[in-house]
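Before any comments, here is the structure.
The chains referred to below are lettered A, B, ... by the order of the sequence lines, with proteins before strands, and numbering in each begins at 1. Predicted model, so just to flag it, every value in this text is computed and none were measured. Computation of the quantities below employed the complete heavy-atom set of this structure, encompassing side-chain atoms and omitting hydrogens, waters and symmetry-equivalent molecules.
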Amino acid sequence: LAKTTQPISMDSYEGQEVNITCSHNNIATNDYITWYQQFPSQGPRFIIQGYKTKVTNEVASLFIPADRKSSTLSLPRVSLSDTAVYYCLVGEGGNQGGKLIFGQGTELSVKP
Amino acid sequence: DAGVTQSPTHLIKTRGQHVTLRCSPISGHKSVSWYQQVLGQGPQFIFQYYEKEERGRGNFPDRFSARQFPNYSSELNVNALLLGDSALYLCASSWQGAPIYGYTFGSGTRLTVV
């Protein structure tokens, strides 16, 4: 699975839009890009997944440029409850053994 | 519907002891994976089981073992505990063998080895 690089931490204020960028220079043709959110003492929670261009759901948007070597998770109008660690993962969307490789993640701190 | 349930939620063990952690997947999910998360780091893959067969194993010593039962629940066993085994142990389930997007995690078992 491709290695990912994300900022270790980010700070934001309530109501702002937060963009977290992930680099995955060695992404393979069959790889999807997936983001998970984790609160302290809880398991990671799936946020969004994409392959190319833009994906949007009720929680976030995922922007993927044409070369797919990076991706940006966008959280609109964050609140205090969005304070969490966000992980970017890349890997095959199909049958690839079930092994998720987590990096260190980005610790997002939202302040009032 | 119940999510992925893990037991116990917290556990304190002494070095050298053995521990068994349990996981019940979401109803209908046939795949269970185990992860270890040390404080300040991302989860690290330990095992995956699908239809009661081991599908993947991470870079962990043989002291770590697991199995999946006919009802798809799973146990993670760790022998000869070391201080470094202190971590949050997470179980994740999915309805098929290996989707990157379809995993649901439990809240984990916090293991402290003293």
Hey, is the main chain of A/Gly43 close enough, under 3.5 Å, to the side chain of B/Tyr35 for a donor-acceptor pair?
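Here the side-chain-to-backbone pair does not exist.
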Give a yes or no on this: more than 12 heavy atoms of other residues, nucleotides or ligands lie within 6.0 Å of atom [atom1] of [X].
X	atom1	answer
A/Leu80	CG	yes
B/Asp62	CG	no
B/Lys52	NZ	yes
B/Asn59	CG	no
A/Phe39	CZ	yes
B/Leu39	CG	no
B/Arg15	CZ	no
B/Glu53	CD	no

Between [X] and [Y], which heavy-atom pair has the shortest distance, and what is it?
X	Y	answer
B/Leu88	A/Gln42	CD2-O, 4.4 Å
A/Phe102	B/Gln44	O-NE2, 4.0 Å
B/Phe45	A/Leu100	CB-O, 4.2 Å

Relative to chain B, which segment of A/Glu107 carries a heavy atom at a distance below 4.5 Å: side chain, backbone, both, or neither?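 Neither part.
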Of the backbone (N, CA, C, O) and the side chain (C-beta and beyond), which part of B/Gln6 lies under 4.5 Å from a heavy atom of chain A, both, or neither?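 Neither part; nothing is under 4.5 Å.
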According to a 4.5 Å side-chain heavy-atom criterion applied to Ile, Leu, Val, Met, Phe, Trp and Tyr, with indirect links allowed, do A/Phe46 and A/Tyr87 form part of one hydrophobic cluster?
->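 Both belong to a single hydrophobic cluster.
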Task: ILVMFWY cluster, A/Phe63 and A/Leu73 together (side-chain gap under 4.5 Å) - done: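 In one cluster: no.
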Contact residues of residues 105-114 of chain B (partner chain A; heavy-atom separation under 4.5 angstrom) =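 B/Phe105, B/Gly106, B/Ser107, B/Arg110, listed by number.
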### Message
If you define the side chain from C-beta out and look only at heavy atoms, does anything of B/Tyr103 sit under 4.5 Å from A/Pro44?
### Response
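Of all side-chain heavy-atom pairs linking A/Pro44 with B/Tyr103, none is under 4.5 Å.
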| query | Roughly how far, to the nearest 0.5 Å, is OG of A/Ser41 from CD of B/Gln37? | reply |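 So the CD of B/Gln37 and the OG of A/Ser41 are separated by 9.5 Å.
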